[in-house]
Q: 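Please find one structure pasted underneath; my questions will follow.
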Amino acid sequence: MQAVRGMHDTLPGDAPGWRRLEHTVQSVLRSYCYREIRFPIIEKTELFSRSIGAGTDIVNKEMYTFQDRNGEFLTLRPEGTAGCVRALIQHGLIHSGPQKVWYQGPMFRHERPQKGRQRQFHQVGAEAFGIESPDIDAELILVCARIWNALGINDVCLELNSLGSYSARQHYRNLLIEYLSDHRDQLDSDSVRRLETNPLRILDSKNPEMQTLISGAPSLLDSIDDESAEHFSVLRGLLDANSVDYEINPRLVRGLDYYNRTVFEWITDRLGAQGTICAGGRYDDLVAQVGGKPTPGVGFAMGLERILELMEPGQEEQDTDTPRFYQVMAGAEAVKSGSLLAERLRDEMPGLKLMLHCGGGSFKSQLRKADKSGAEYALILGDEEVAKNTVQIKPLRKDSGQYEVSRDKLVDEITRLMGE
RNA sequence: GUGAGUGUAGCUCAGUCAGGUAGAGCGCCGGAUUGUGGUUCCGGUGGUCGUGGGUUCGAGCCCCAUCACUCACCCCA
């Protein structure tokens, strides 16, 4: 039996790196007073097709959709924003003042796996609702920058663009279609297809033969409405004031239909073809589309697997699963007495990391396992020690010899060793 | 969805050129005087050669299909 394609296991050796990543991201978000929200992994299919957009690849080809026993169409969430918005509307939170929330968890897209792309992957997202002004756009970007800094990631850069209002975007879309249709003979086959589905994405084409055609196209930034231009300008001022480096990328369009005004991506060149580790933007029409009262929104999502690839393996976290003490026991009497002892130690020292040897075996093999475990000390309990009510403490990582401690003094002695 | 590359022991890989008994290192288990790990030495365990079919007297090797992984296109976190 094998795991389903594109779905990866996280093994004990990988878990500490994941924990460091998750704890770091969460502590930054919480320091900005974003509050955690959790919502189901499965939603009605309609929620995603309405919010993400009927013309997008995600909705058309990539969703894990099935019918439950009542015949209702359900989908494993391909992204988090839709479910987050639904939950906030359903519980009346979105209309009771501004909300800043974050969430975390697995997302599912049926794509061909490759580097930085799996079918089950994990995101942390943050969203802010009810705030129209660009100070919140700036804050979300600053949150990201602080997370990279906390994780020691420095080779990412920020790309920024504004799509303008929804109607300005439609207007530009028509301009672009007109321009591209006039040069239809110069379009490659992908772009001909995209002319119907998502013409703005043609601007992002990787085909070098398309570049002169693209550079001659009308610019999105030139055609956005005045209010959006002002919004963008204030945002840039805030980023400049905070010394956040960014690059304006007028071809940056997001794949999901719900974005307007600000869009941004954090990009690295260290991950092959999937260089985006975090992306987001504004979606002022989404809440209304999903059935709530019109409420502006802005947010981002980061791909944890991709970020993990950029993190240097941390020394400290590799030790977090390593026992500090390993208790070995020789003889049936010692096993019984040792079990009681270990439980008493756990009662009195909640932070103690003690591995109790299980599974028997010779004394020699038990000590070998104590060494392999990485523990600093072996606690040794044989019939003699049981009779004398003592324990032998054997340092495994330094040259000093083993010594005997009475059980009365054991907690004190272990506390002393842990403090070293 | 399209294209290319790769699947041999728990891991890293030889063996494929030229069809002829399945290999190495590491790991794991055990031993080297009684209840003492690591280093060393000795011994042992371990493989449906991804899976299924075909060609052949004979296939890890050649052919077909299929699955998985990797990378790229596409798309996106």
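Note that the structure is predicted; figures quoted are calculated from it, not measured. First the proteins, then the strands, lettered A, B, ... as listed; each starts at 1.
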Q: What integer number of Å spans the P atoms of B:rG1 and B:rG20?
A: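 Between the two P atoms, the distance is 38 Å.
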
Q: Are A:K388 and A:D383 ion-paired here, with the side-chain N under 4.0 Å from a carboxylate O?
A: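 Not counted as a salt bridge, because no side-chain N and carboxylate O are separated by less than 4.0 Å.
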
Q: Is B:rC76 paired to anything, Watson-Crick or G-U wobble with both distances less than 3.5 Å, and if yes, which nucleotide?
A: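 Paired with B:rC76, as far as the under-3.5 Å criterion goes, is no nucleotide at all.
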
Q: Using the P atom as the reference point in each nucleotide, state the distance between B:rG3 and B:rG23 in Å, no decimals.
A: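 Between the two P atoms, the distance is 39 Å.
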
Q: For atom C1', what is the distance between B:rG10 and B:rC28, given to the nearest Å?
A: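 Their C1' atoms lie roughly 8 Å apart.
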
Q: At 4.0 Å (heavy atoms only), tell me whether A:Q120 reaches a base, stays on the sugar-phosphate, or touches nothing.
A: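 Here A:Q120 touches no strand at all.
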
Q: Backbone N or O of A:G360 within a donor-acceptor pair of the A:H357 side chain at under 3.5 Å?
A: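 Present.
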
Q: What one-letter contact string describes nucleotides 68-75 of chain B from 5' to 3', where B marks a base within less than 4.0 Å of any protein heavy atom, S marks contact via sugar-phosphate atoms alone, and - marks no contact?
A: SS-SBBBB

Q: Please list all pairs passing the ring-ring contact (aromatic ring centres under 6.0 Å, His included) test where one or both residues lie in residues 394-420 of chain A, with sequence neighbours left out.
A: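 Listed by first then second residue: nothing to list.
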
Q: Nearest 0.5 Å please: distance from the CD1 atom of A:I277 over to the CD atom of A:E305.
A: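 Nearest 0.5 Å value for the CD1-CD distance: 13.0 Å.
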
Q: Say we look at B:rG60 and B:rC26: how far apart would their C1' atoms be, to the nearest angstrom?
A: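 Roughly 23 Å separates the two C1' atoms.
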
Q: Let's test this: given Watson-Crick or G-U wobble pairing with both distances under 3.5 Å, identify the partner of B:rU16.
A: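 Per the H-bond distance test, none.
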
Q: With both distances under 3.5 angstrom, what nucleotide forms a Watson-Crick or G-U wobble pair with B:rG5?
A: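 B:rC69 - that is the nucleotide pairing with B:rG5, both distances being under 3.5 Å.
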
Q: Taking NZ, NE, NH1 and NH2 as the nitrogens, is one of them in A:E413 or A:K409 under 4.0 Å from a carboxylate oxygen of the other?
A: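 A:K409 and A:E413: not salt-bridged.
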
Q: Without swapping roles, check the side chain of A:N260 against the backbone of A:Y166 for a donor-acceptor pair under 3.5 Å.
A: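 No; judged by distance alone, with no hydrogens or angles, the pair does not exist.
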
Q: Can we say A:D57 and A:R201 salt-bridge, meaning some charged N sits less than 4.0 Å from an Asp/Glu carboxylate O?
A: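 Between A:R201 and A:D57 there is no salt bridge, as every charged N stays at least 4.0 Å from the carboxylate O atoms.
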
Q: Determine the interatomic distance between P on B:rU6 and the same-named atom on B:rC63; round to the nearest Å.
A: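 Approximately 12 Å lies between the P atom of B:rU6 and that of B:rC63.
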
Q: Provide the distance between the two P atoms, one in B:rA65 and one in B:rG25, to the nearest whole Å.
A: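 It comes out at 39 Å once rounded to the nearest Å.
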
Q: Just by protein heavy atoms under 4.0 Å, how would nucleotides 25-38 of chain B read 5' to 3' in B, S and -?
A: ---SSS----BBBB

Q: Considering every strand shown, what is the Watson-Crick or G-U wobble mate of B:rC62 when both distances are under 3.5 Å?
A: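 Base-paired to B:rG54.
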
Q: Let's test this: given Watson-Crick or G-U wobble pairing with both distances under 3.5 Å, identify the partner of B:rG47.
A: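 The base-pairing partner of B:rG47, which may sit in any strand shown, does not exist here.
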
Q: For the residue pair A:R282 / A:T262, report whether a side-chain donor-acceptor contact shorter than 3.5 Å exists.
A: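 Looking only at side-chain atoms, A:R282 and A:T262 do not form any donor-acceptor pair under 3.5 Å.
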
Q: Check A:R306 with A:E309, please: is the shortest side-chain N to carboxylate O separation under 4.0 Å?
A: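 No, this pair does not count.
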
Q: Using purine N1 to pyrimidine N3 plus N6-O4 or O6-N4 for Watson-Crick, or N1-O2 and O6-N3 for G-U wobble, each under 3.5 Å, what pairs with B:rG38?
A: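 With both distances under 3.5 Å required, B:rG38 matches none.
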
Q: Nearest whole angstrom, please: distance from the C1' of B:rC76 to the CG of A:L200.
A: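 My rounded result for the distance is 16 Å.
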
Q: Categorize A:A301 for me: base, sugar-phosphate, or nothing, with a 4.0 angstrom heavy-atom threshold over every strand shown.
A: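 The residue A:A301 makes sugar-phosphate contact but no base contact.
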
Q: Considering non-hydrogen atoms only, spot the tightest contact between A:L252 and A:E159 and give its length.
A: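 Shortest heavy-atom contact: CD2-O, 3.7 Å.
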
Q: Can you check the distance between B:rC71 and B:rU56, where both ends of the measurement are the P atom (answer in whole Å)?
A: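 Those two atoms are separated by 40 Å.
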
Q: Paired with B:rG10 by Watson-Crick or G-U wobble geometry, both distances under 3.5 Å: which nucleotide is it?
A: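 Pairing partner: B:rC26.
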
Q: If I pick the C1' atom on B:rU34 and the same atom on B:rC29, what distance separates them, to the nearest angstrom?
A: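 Comparing C1' positions in B:rC29 and B:rU34 gives a spacing of 23 Å.
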
